[in-house]
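To start, the structure under review is shown below, and the notes come after it.
Read the numbers this way: they start at 1 and go in the same order the structure lists the ligands and their atoms.
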Amino acid sequence: MHEFGIMESVVEVVREEAARAGLRRVERVAMVVGERTAVLPEALELAWEALRDGEPFAPGARLEVEWRQAEAACPACGLRYHPEGGFLLVCPGCGALGGELLAGEELRVASIEGE
Ligand SMILES: [Zn+2]
């Protein structure tokens, strides 16, 4: 499962950051995830719950995910649009191919809170 591997990396980041910040207990982890990462919200939450309870620093810690919509810019006409599925970016305004993806591929830990 794609999401399980992602959360294993997230738990590692949280463990390191908690140690650096001197947190004994992590209560909340915030992530930013773009819609083009193909991550499923339910699977991400399940993986988090399975992994966090095996960590002494994060039992019951909440995961908050901010989902980012994808946005692309057309190189020909400059239009900013929401790209529909698939890997190909096609401008809905002028039909040009190969737009630049401005958002939607985010996958990161935004913040960690605890005490
Ligand atoms: Zn265009």
Side-chain angles (χ1 to χ4, degrees):
M1 191 164 80
H2 179 55
E3 289 78 2
F4 206 84
I6 291 170
M7 287 320 285
E8 281 181 327
S9 305
V10 166
V11 165
E12 217 164 280
V13 168
V14 171
R15 188 188 299 129
E16 282 169 16
E17 284 303 311
R20 200 197 315 269
L23 302 176
R24 276 173 296 118
R25 208 180 123 79
V26 172
E27 286 163 359
R28 181 177 156 275
V29 174
M31 285 181 73
V32 176
V33 183
E35 68 170 316
R36 287 178 80 90
T37 56
V39 166
L40 299 174
E42 304 77 29
L44 200 65
E45 183 68 31
L46 280 176
W48 169 248
E49 287 175 8
L51 288 167
R52 70 160 185 212
D53 291 338
E55 296 290 337
F57 62 89
R62 270 181 306 133
L63 176 69
E64 284 171 13
V65 180
E66 182 188 335
W67 297 94
R68 288 273 166 85
Q69 273 221 331
E71 187 184 24
C74 175
C77 73
L79 181 72
R80 290 189 170 202
Y81 62 96
H82 178 245
E84 303 298 336
F87 290 105
L88 205 57
L89 297 175
V90 183
C91 176
C94 71
L97 294 181
E100 184 196 350
L101 203 57
L102 303 173
E105 289 179 315
E106 300 86 348
L107 185 57
R108 64 173 185 269
V109 176
S111 67
I112 297 166
E113 282 174 21
E115 59 185 24

CZ on R62 to CD on E113, rounded to 0.5 Å: 8.0 Å

Taking only protein atoms, how many N, O or S atoms are found under 2.8 Å from the Zn ion (ligand 1)? 4

Looking at CD of E66 and OG of S111, how far apart are the two atoms once the value is rounded to the nearest 0.5 Å? 10.0 Å

When you measure from the side chain of E3 to the backbone of L40, do you find a donor-acceptor pair of N or O atoms at a distance under 3.5 Å? yes

Spell out, as yes or no, whether a donor-acceptor pair under 3.5 Å connects the side chain of E106 to the backbone of G104. yes

Using the rule that two of Ile, Leu, Val, Met, Phe, Trp, Tyr join whenever any of their side-chain heavy atoms come within less than 4.5 Å, decide whether V33 and L101 are in one cluster. no

To the nearest 0.5 Å, what is the distance between CD on E71 and CZ on R36? 12.5 Å

